[in-house]
Amino acid sequence: MKIVCGLSAVMIAISVIAQVDEIKLEREFNEMDYSPQIAGYFHGDIPEDKVCDVRGLFTGRGLRIVVFDLEYYDGREEVKIHVVGNQIPDSVCMIIKTLSIENELFFTGIKAVDLDGSIKNLPPMRLVAVKEDE
């Protein structure tokens, strides 16, 4: 009797598994999923070697950042540049690495393309590139 009950329980489990064609996992996105980031930094201090992370600006939701404005100090004056794409230009990365001061970086006008092709305006971001103690 135990074998028959055990066998019927296994058969029921197999038939239930066989009847499931598709499992959908739905995730609810929060505000941080839409916030732009660099190497996991959203706001505040960022190690200067992380500013030019190879992933560039990105979001947790998978939006593709296509354009942004960047304001920074180049050692002489405040500079504002318009960037197409999601990467900080190499010339700016070199300036940040050579300056011995903390450098505020303001990212504004950030636009991204959603998975459905729609354009999204993202919130601005302020980071401070800091030298790490060696």
Worksheet item: Closest heavy-atom contact between Leu99 and Gly75?
Response: CD2-CA, 3.8 Å
Discussion item. Is there a path of hydrophobic side-chain contacts, each under 4.5 Å between heavy atoms of I/L/V/M/F/W/Y residues, joining Met125 to Val113?
Written reply: no
Worksheet entry | same_hphob_cluster(Val128, Ile96) at 4.5 Å side-chain heavy-atom cutoff | no
Item to complete: Answer with yes or no whether the hydrophobic clustering places Leu105 together with Val84; edges join I, L, V, M, F, W, Y residues whose side-chain heavy atoms lie under 4.5 Å apart.
Response: no
Fill in: Minimal non-hydrogen separation, Pro123 against Pro36, with atom names
O-CG, 3.4 Å
Response to the item:
Distance col, row Cys93:SG vs Asp49:CG, nearest 0.5 angstrom, shows 11.0 Å
Item to complete: Any chance you could lay out the side chain to side chain contact (heavy atoms under 4.5 Å, CB included) test for Ile65 and Ile110, step after step, and finish with the verdict?
Response: CA-CA 7 Å; Ile65 295 177; Ile110 306 169; 4.0 Å; yes
Item to complete: Report the C-alpha separation of Lys120 and Thr59 in whole Å, then their side-chain angles, then the decisive distance to 0.1 Å, and conclude whether the side chain to side chain contact (heavy atoms under 4.5 Å, CB included) test is met.
Response: CA-CA 12 Å; Lys120 305 288 185 198; Thr59 67; over 6 Å; no
Worksheet entry | Polar side-chain atom of Asp114 near backbone of Leu63 as donor-acceptor pair, under 3.5 Å | no
Fill in: Beyond-backbone contact of His82 with Val67, side-chain heavy atoms, under 4.5 angstrom
yes
Practice prompt. Using a 4.5 Å cut-off on heavy atoms from C-beta on, say whether the side chain of Asn121 contacts that of Lys111.
Written response: yes
Worksheet item: Considering all heavy atoms of both residues, which atom of Ala39 and which atom of Phe58 are nearest to each other, and what is their separation?
Response: N-CE2, 3.8 Å
Worksheet item: Quick one: does Asn103's side chain have a donor or acceptor within less than 3.5 Å of a partner on Tyr73's backbone?
Response: yes
Worksheet item: Between atom CD of Glu78 and atom NZ of Lys80, what is the distance when rounded to the nearest 0.5 Å?
Response: 11.5 Å
Item to complete: Locate the shortest heavy-atom distance separating Gln87 from Val54; write the atom from each residue and the value.
Response: NE2-O, 2.8 Å
Discussion item. By the definition side-chain contact (heavy atoms from CB on, under 4.5 Å), identify the one residue from Asp69, Val92, Ile88 that meets it with Ile81.
Written reply: Val92
Fill in: Check against side chain to side chain contact (heavy atoms under 4.5 Å, CB included), Leu122 and Phe107
CA-CA 10 Å; Leu122 302 181; Phe107 298 85; over 6 Å; no
Worksheet item: Is it the case that one hydrophobic cluster holds both Phe68 and Tyr41, taking links as side-chain heavy atoms less than 4.5 Å apart, direct or via other members?
Response: yes
Worksheet item: Just by distance, do the side chain of Asn86 and the backbone of Arg64 share a donor-acceptor pair under 3.5 Å?
Response: no
Discussion item. Do Ile95 and Leu57 sit in one hydrophobic cluster, given that two such residues count as connected whenever their side-chain heavy atoms are within less than 4.5 Å of each other, even indirectly?
Written reply: yes
Fill in: Interatomic spacing from CD1 in Ile46 to CD in Gln37 - rounded to 0.5 Å
9.5 Å
Worksheet item: Looking at Lys97 and Glu48, does any basic side-chain N land under 4.0 Å from a carboxylate oxygen?
Response: no
